[in-house]
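In what follows, a single structure is set out as structure tokens and then discussed.
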Number of protein chains: 2
Amino acid sequence: MVQGDANAGNAGRGERVEGGRGAQRPKILDVAKACGVSPATVSNALANKRQVKAETRELVRRVAIEMGYRPSAAARGLSSRAGRTWSVGLVVGDIENPVVPTIVRGVEEILWASRTSLILCNTDFQQDKKMAYVRSLVDRDIDGLILVSHLFNDMEARSISLLDLPIVTVNRMADEWKTDYVGIDNTAGTRSAVNYLTGMGHRRIAYIKGLHTSTAAEARFDGYLVGIAAAGGDTDPDLVVQGDYTQESGDIATRQLMALDRPPTAIVAANDLMALGVLGALRNLGVSVPGEVSVVGFDDIHMSRHPLINLTTVHYPQHETGAMAARLLLRRIEDGPDELPRSMVLQPSLIVRGTTAPPRDMPGTAGSGPNITV
Amino acid sequence: MVQGDANAGNAGRGERVEGGRGAQRPKILDVAKACGVSPATVSNALANKRQVKAETRELVRRVAIEMGYRPSAAARGLSSRAGRTWSVGLVVGDIENPVVPTIVRGVEEILWASRTSLILCNTDFQQDKKMAYVRSLVDRDIDGLILVSHLFNDMEARSISLLDLPIVTVNRMADEWKTDYVGIDNTAGTRSAVNYLTGMGHRRIAYIKGLHTSTAAEARFDGYLVGIAAAGGDTDPDLVVQGDYTQESGDIATRQLMALDRPPTAIVAANDLMALGVLGALRNLGVSVPGEVSVVGFDDIHMSRHPLINLTTVHYPQHETGAMAARLLLRRIEDGPDELPRSMVLQPSLIVRGTTAPPRDMPGTAGSGPNITV
DNA sequence: TTGTAAGCGTTATCAT
DNA sequence: ATGATAACGCTTACAA
């Protein structure tokens, strides 16, 4: 029973719909009619909100399923003042950066559990694209927003704050903008990497910086500086090269570093992608790792674990970061804006693999075995 | 990896903004009043639809911007019969699989150009999660749907077809379901890989299959079979091992293959991720590549290009696939359902790198230089 | 050129 | 326990 009469009321409208195709989705009124009750009752029966006689409730439910009725999310959001849209925006700079999909996955996992949709925005780190996306998300009445590795200037921050929309920022160091925050202690991360190297006797340690637009990049660099200073390492400015987080920039930086009169005995990169570039360049230059030069990355992307790469790196809990951001956001959405901003700082940890060893001129304890011998 | 302390010392920063907070977003009526015109005029002035006196139009626009007015997407979609929601769903199995982010990026690039939002759904290849996501997308009145590497059984396909929603499937071989389609010639891809190997003299070539739930996996396997048959290669069933597209399964399969009485001289994997597993396993087993065993992958993920990996593989145009899917979808959304289904089959191409060489017992032309020597 | 009013599909507030 | 009816914020006939 109950089959084709959806569309009964609005027949004649769907010109083109000739053969039984294009059966429009039934609306709540269709279900109501089919059940001989009012739309309100259907709504209540389905939402389990008000008291509805068990009998009617069952009837409505059965018919609704039979007809394939599904409430329109848009209509729902429009109605009911407290109505959520059950969707959140996720703004990332570059979905192709290996750390990002893992973060996204962490976010998705949590959101899925509360049946919240994820609107993905890829900004290519362009200011205007970023803002346009945010505006578009707001137009959609999203319940909340997660911003990964993005900086907002005062004007932008102010204009967004006005919306008093639940926001969680990820990988952005604290500023005046009071949003919830998830991140790691970047400084501690690089410092532990440098400490490890100096502990093995390295003194001439190079650093390849990340994109300057990121506060995380600054923090990681600080860790390097502190670590070098603490061990009385070489502070030759030529040992610091600007990169942009891409593999290629790691490659270029390495050629530059190895061309120095006194090349470094170890290279620390601000992320794994650049470290991979370092390894590639060294390989092509015929420099053995870790025999002649040690290499350390930051992030611990999946590929770094590969036996052919086997990169010593600082582990960044990417999945957990995403999951935590989503949890914070959902909590904020439920609690409302009156709670104090929450910060979650996860701890990175050094993972020692095969690209690090004592410097050649100081054959102390051997590393975990040479990784590549050219 | 040590959990972090939560809630840092940013207390004191959050003062509860009591008074002027929560300035709600202005609605069209607010703008109308502020301009002394009717809401209809505001709508028309902003949408540039009907003729509006240039003067009023400018006034309305200025005031709208001043007040920060933005039309509600939900209300817009709900109103106007022809109203699109300017959002599409993108269903993928695993965002962490390296080919996926690149496809996503291709989709995003095109969608962004037409200001259409991307709702990302990660199914983990679970049937129920997949269908739940699709339903949720339909509830949201999305304008269209892109399904990447997903199979739908008849019942599912039928129930979705009823919606007559614009759909583009990616990486799924043709079946009775008439949707637009983007894919590559998978069979030709693996066949070219096998041809290359047999051309160098290989006869005992192993194959690691992809997940059986995917039709692409079947097609790729077919290419292997055809290639082997054409060259009179070894059809020993032990040479075919089932994998699941993960790196780990490539590793396991390789140990199994190399433990055979007569191990293969070459291994073809149904994707790069498994091929990376193969390389890792061979490395750990002390088998030289390509000296003792040649390895070929499929996809050409970013990492395969790395000098330390340097994997010979079949290039799969991931970005272009995503972009093409989005173009097809947008076109379908605009053209309506009456046009015939369109199919787009892109051509894969073999990329010869360093993991392939003639078999040891047949030292013809050497490969492009040994990649790894253990 | 502009205003009025009728939807769009729900949920919420009243009555009954 | 249920049914009218008024929002929700917008677009678009239809009038003026």
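This is a predicted model, so every value here is computed, not measured. Letters A, B, ... mirror the listed sequences (proteins, then strands); counts begin at 1.
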**Prompt:** Do other residues, nucleotides or ligands put more than 12 heavy atoms under 6.0 Å from B:R331 CZ?
**Reply:**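 No, because the 6.0 Å sphere around CZ of B:R331 holds 12 heavy atoms or fewer from other groups.
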
Gap between atoms [atom1] and [atom2], on [X] and [N] respectively (whole Å):
| X | N | atom1 | atom2 | value |
| --- | --- | --- | --- | --- |
| A:R84 | C:dT11 | CZ | P | 15 Å |
| B:E58 | C:dT1 | CD | C1' | 16 Å |
| B:N48 | C:dT2 | CG | C1' | 16 Å |
| A:K33 | D:dG3 | NZ | P | 14 Å |
| B:R76 | D:dC10 | CZ | P | 9 Å |
| A:L59 | D:dA1 | CG | C1' | 14 Å |
| A:I28 | D:dG3 | CD1 | P | 12 Å |
| A:L78 | C:dT10 | CG | C1' | 8 Å |

**Asked** So, are B:D335 and B:R342 salt-bridged, with charged N and O less than 4.0 Å apart?
**Response** yes

**Request:** Could you tell me whether B:K130 and B:E156 make a salt bridge, using a distance below 4.0 angstrom between a side-chain N and a carboxylate O?
**Result:** yes

**Asked** When all nucleic acid strands are considered with a 4.0 Å heavy-atom cut-off, which category describes B:R70: base, sugar-phosphate, or nothing?
**Response** sugar-phosphate

**Message:** Categorize B:S43 for me: base, sugar-phosphate, or nothing, with a 4.0 angstrom heavy-atom threshold over every strand shown.
**Reply:** base

Closest nucleotide among [options] to the [X] side chain:
| X | options | answer |
| --- | --- | --- |
| B:K27 | C:dT1, D:dC8, D:dC10 | D:dC10 |
| A:A40 | D:dC10, D:dT2, C:dA12 | C:dA12 |
| A:K53 | C:dT10, D:dT2, D:dG9 | D:dT2 |

**Residue-phosphate contact under 4.0 Å: B:S72 side-chain N/O, D:dC8 OP1/OP2** = no

**Item:** Presence of A:T56 side-chain N/O under 4.0 Å of D:dA1 phosphate oxygens OP1/OP2
**Value:**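 No, no such contact exists.
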
**Asked** Between A:A74 and B:N44, which has a closest nucleotide on DNA chain C that is more 5'?
**Response**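 Looking at DNA chain C, the more 5' nearest nucleotide goes with B:N44.
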
**Request:** Please figure out whether B:A75 or B:T41 has its closest DNA chain C nucleotide nearer the 5' end.
**Result:**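 Upstream on the strand: B:T41.
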
**Asked** How many angstroms lie between atom CD of B:Q126 and atom CE of B:M131, to the nearest 0.5 angstrom?
**Response**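 So the CD of B:Q126 and the CE of B:M131 are separated by 14.5 Å.
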
**Request:** Say whether, by atom type as modelled, one donor and one acceptor occur between the side chain of A:D143 and the main chain of A:T85 under 3.5 angstrom.
**Result:** yes

**Message:** Let's test your reading of the model: under 3.5 Å, does the base of C:dG7 pair with the side chain of B:S79 as donor and acceptor?
**Reply:** yes

